[in-house]
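Working notes, structure below.
Note on naming: letters A, B, ... go to the chains in the order of the sequence lines (proteins, then strands), and numbering restarts at 1 for each one. Fair warning: this is a prediction, and the values are worked out from it, not measured in the lab. Computed over heavy atoms, backbone and side chain alike; hydrogens, waters and symmetry mates excluded.
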Protein chains: 2
Amino acid sequence: MNYNEFKYCGLNVALGVLSGKWKPVILFYLFHQEEIRFTELWRAIPKVAKKVLLEQLRQMEQDELIIRDEKNGFPPEVWYRISEKGKALGPALAALESWANEHAAEKVDMLKSRRKVTLR
Amino acid sequence: MNYNEFKYCGLNVALGVLSGKWKPVILFYLFHQEEIRFTELWRAIPKVAKKVLLEQLRQMEQDELIIRDEKNGFPPEVWYRISEKGKALGPALAALESWANEHAAEKVDMLKSRRKVTLR
DNA sequence: GATGAAGGTAACTTTTAAGTAACCTGTTTA
DNA sequence: TAAACAGGTTACTTAAAAGTTACCTTCATC
């Protein structure tokens with residue numbers, strides 16, 4: 001194994017599509033809500049810049065994790081939802097989630113209001 | 001769910017410890033080899049700067065994914081190996097890996113010399 | 001006819017991550 | 001006695017990611 005081989009290894013590819021400051025939260029919302037409008041999502045994530053949120057959504061769309069649905073009309077209405085390919089990430093995300101709960105509880109426990117969360 | 005809650009959610013914590021350009025490949029080596037010397041690792045990953053490799057190793061050590069073992073003597077001899085906590089990431093990484101193989105085969109297939117790979 | 005709505009874009013700045021190059025440590029070997 | 005070894009550190013540069021602000025569209029309402 002050398003680095004050039006590794007670049008195209010599945011692990012790297014998968015982590016690649018997840019890398020981006022806001023992508024995990026976006027996925028999180030879409031896993032729970034299945035359909036959300038751009039502005040609603042934007043307001044739900046209070047600190048993200050519109051531009052950056054758009055960039056991340058575009059990348060995720062390109063990676064086919066999410067689907068962008070534009071109704072034509074005014075004011076514009078754009079819905080995002082998770083794709084099958086995106087949904088298929090569920091088990092892997094759940095595995096990461098449970099690793100953190102079991103092995104990095106200190107960090108996770110900073111979340112005061114614990115809540116069972118399932119990504120499936 | 002708001003963003004502040006999400007920051008400490010397990011998914012974000014887990015992705016946090018994995019984020020870093022060279023961390024996946026480091027894990028990859030350590031999953032296959034269990035013990036590797038710094039310079040050996042450095043030479044195995046041809047393009048990484050020593051400084052950066054060290055930074056990533058330090059972070060992973062802090063996150064307790066890996067264990068640094070220093071023999072005292074000269075020339076220095078430092079071995080890195082995966083910890084139990086790190087090993088416990090195996091199933092999650094395997095899940096990511098297999099997601100990529102099933103759903104992003106185009107990208108993974110750029111790896112000409114395919115080889116079955118297991119992270120367990 | 002100005003204002004506000006939703007979903008953008010464009011130009012620019014700041015912050016963070018990664019990369020480069022030179023140097024340091026003591027022991028061994030040439 | 002000078003070079004090579006392994007594992008670093010330091011000071012500095014570059015590139016990439018994220019953030020800021022202002023502006024655009026087109027229709028509806030004030």
Categorize B/Gly20 for me: base, sugar-phosphate, or nothing, with a 4.0 angstrom heavy-atom threshold over every strand shown.
sugar-phosphate

Students often get this wrong, so: under 4.0 angstrom with heavy atoms, is A/Gln59 touching a base, only sugar-phosphate, or nothing?
nothing

d([atom1], [X]; [atom2], [N]) in whole Å:
{"X": "A/Ile45", "N": "D/dA18", "atom1": "CD1", "atom2": "P", "answer": "13 Å"}
{"X": "B/Glu55", "N": "C/dA17", "atom1": "CD", "atom2": "C1'", "answer": "8 Å"}
{"X": "A/Lys71", "N": "D/dC27", "atom1": "NZ", "atom2": "P", "answer": "19 Å"}
{"X": "A/Leu53", "N": "D/dT20", "atom1": "CG", "atom2": "C1'", "answer": "15 Å"}
{"X": "B/Trp42", "N": "C/dT20", "atom1": "CH2", "atom2": "P", "answer": "11 Å"}

Contacts of type salt bridge (Lys or Arg N to Asp or Glu O under 4.0 Å), residue B/Glu55, not counting sequence neighbours:
B/Lys51

Expected string for nucleotides 5-14 of chain D under the B/S/- scheme (protein heavy atoms, under 4.0 Å, primed atoms plus P, OP1, OP2 as sugar-phosphate) is -BBBBBB---

Using a cut-off of 6.0 Å, state whether more than 12 heavy atoms not belonging to A/Trp42 lie near its atom CH2.
no

Side-chain heavy atoms nearer than 4.5 Å, only ILVMFWY residues, links allowed to pass through others: does that put B/Leu54 and B/Trp22 together?
yes

For A/Glu34, is there an ion pair with A/Lys87 - N to carboxylate O distance below 4.0 angstrom?
yes

Intermediate values then yes/no, salt bridge (charged side-chain N to carboxylate O under 4.0 Å, His left out), B/Lys107 and A/Asp63:
CA-CA 10 Å; B/Lys107 286 182 187 170; A/Asp63 291 330; 3.0 Å; yes

Does B/Gln56 make a side-chain N or O approach to OP1 or OP2 of C/dA18 shorter than 4.0 Å?
yes

Are A/Leu53 and A/Ile26 side-chain neighbours, meaning at least one heavy-atom pair lies under 4.5 Å?
yes

